[in-house]
Amino acid sequence: IHGGLRYLAMGEVQLVRETALERKRVHALAPHLAEPCWMLTPAKSWAGLLKFRAGIGTYEKLGAVDPIDRHQTWRHAELERNEPLLRRDRFAGAVAYREYLSEDARLVLAVLRDASARGAVVQNHLRVESLVYSSSRGSSSRSAGPRDPAACVAGVRARCTRSGRDVEVRGSAIVNAAGPWVESVARLDDAAAPSRLHLSKGIHVVIDAARLPIRHIVVLGTEDRRSIFVIPRGDSVYVGTTDVSYPADARLWPEIGIEDVRYLLAPLHGTFDVEPLDENDVRGAWAGLRPLIAQPGKAAKEMSRRDEIWVADSGLITIAGGKLTGFCKMAEEALERVAQRLGRALPIADSADMSDTKESPLPGGDLGRDLDAESAALAQATGLAAHNARRLVGLYGSESRDVIALGAQPLAVLPSSGPASVLVGEVDWAVRHEAAETLIDWLYRRVRVPLHAPTLAPALLAPAAARMQTLLGWDATRVRDEIAAAQKQIDADLSFATR
């Protein structure tokens with residue numbers, strides 16, 4: 001969760017101001033999913049340090065950063081104490097400033113659960129197949145083709161990918177917020193809709209922390225003058241991300257190439273005092289797609305992260321682009337268009353007004369203390385090892401004790417070090433409260449093990465599937481299929497090594 005400091009150099013001052021301010025908002029909503037962390041920008045010279053300090057100072061003013069969280073300058077003595085692995089033969093020092101570390105999938109889940117608690121009907125594993133229209137001549141359903149000028153979009157027809165059942169959902173206003181797939185949905189409304197998106201692929205690689213034992217997030221420069229991040233997480237460190245154009249159709253699991261991996265590993269040896277790392281040091285990897293607003297003539301890394309809203313003649317409202325950090329503001333902008341569509345006012349929060357919507361924390365976010373204190377209290381109350389209590393608080397926040405109450409025993413016998421003790425209660429919680437329908441749902445999007453402790457993931461498959469079988473009524477064939485699908489994805493994460 002960050003404001004995009006590098007966009008200042010691109011002249012995107014308003015975007016940086018908005019997202020820098022939104023960081024504090026996300027932290028207030030879910031402090032366990034937006035954890036304050038020091039991020040280091042190393043500089044090779046004193047002049048470079050002054051340049052970074054000036055830019056970061058401007059960034060902090062735009063984001064109304066509290067005095068206690070303002071940047072610090074670390075010279076050799078401070079680096080020796082705070083980040084000893086950073087090469088002091090190459091860097092004169094570093095500027096440390098505050099950003100926020102998030103679990104993006106769990107942030108999405110928290111928003112969905114909050115929406116459900118407020119009356120929304122939330123469904124997953126539904127794929128939109130066509131749009132439903134209404135007009136003075138009655139109702140019809142179509143996916144593309146010439147438009148009836150009198151027809152207005154009135155709903156969607158979707159197919160459940162789990163059961164094969166078709167479902168029709170109608171509404172007074174329809175918002176297309178399908179991320180990398182927004183143009184696919186827009187073309188169900190108008191097959192000739194212009195192309196406005198540019199997809200960019202980003203990957204991360206996971207390395208054992210023992211191989212790269214850093215303490216803070218560090219910003220690295222690459223040979224093509226981009227910035228990537230090295231982020232410690234328990235017994236792992238992950239490095240990312242790439243930013244390259246993706247010419248193919250959007251995919252849920254974009255492929256990871258050996259060239260992507262080598263690109264991320266290349267700057268590590270020149271930044272840290274460690275032996276060179278190569279693809280054999282990579283324990284896990286993941287990839288995703290950014291739906292950028294196209295800017296002809298610019299490379300993906302140069303494109304703005306601004307968001308846009310398009311309203312079709314049929315009334316279909318599409319929102320695209322943007323950054324995760326600014327999701328609340330983007331939602332408000334979309335709702336303003338919904339209000340115009342409905343011809344009436346909606347209770348949309350004003351960004352200057354800390355309304356109930358903004359003040360009320362998301363599920364798990366009502367923490368009365370910081371994460372370290374909450375974790376220490378949880379460990380003392382439950383007898384969990386400190387690192388396991390810290391992992392639970394980082395995923396579930398104040399709901400950690402509710403998760404433990406569903407099953408405090410480890411799901412599998414795993415090594416005692418690191419974030420290894422995934423609990424039985426985490427399967428129950430994911431199924432009962434977070435709509436986990438598949439083993440991949442649970443493994444990748446709920447407990448996040450393949451991202452942060454990939455070597456532990458295979459040992460969890462069979463016991464987790466057995467528990468989900470009990471909770472969801474799977475038969476033996478379904479259990480085998482779920483384990484096979486999850487193992488196939490785990491193998492695919494590292495398939496770059498065999499290409």
Ionic contact status for E399 with R401, cut-off 4.0 Å:
no
Stepwise side-chain hydrogen bond (donor to acceptor under 3.5 Å, both in side chains) check, D235 with H387:
CA-CA 10 Å; D235 274 6; H387 62 269; over 6 Å; no
Considering residues, nucleotides and ligands other than Q380, do more than 12 of their heavy atoms fall under 6.0 Å from its CD?
no
Taking the ring centre of each residue, are H204 and W286 less than 6.0 Å apart?
yes
Under a 4.0 Å threshold between the charged nitrogen and the carboxylate oxygen, would R390 count as salt-bridged to E374?
no
Give a yes or no on whether a salt bridge exists between E22 and K24, defined as a side-chain N under 4.0 angstrom from a carboxylate O.
no
When you look at Y396 and E434, which way does the side-chain hydrogen bond (donor to acceptor under 3.5 Å, both in side chains) test go after all the steps?
CA-CA 11 Å; Y396 306 102; E434 297 176 347; 5.5 Å; no
Carboxylate-amine/guanidinium contact R448 D104, below 4.0 Å
yes
N-O pairing of E437 and R162 below 4.0 Å
no
Whether R106 side chain and R446 backbone form a donor-acceptor pair below 3.5 Å:
yes
If the threshold is 4.0 Å, N to carboxylate O, is there a salt bridge linking E183 and R196?
no
Could you tell me whether K323 and D307 have a side-chain N and a carboxylate O separated by less than 4.0 Å?
no
Quick one: pull up NE2 in H32 and CG in D366 and give me the separation to the nearest 0.5 Å.
9.0 Å
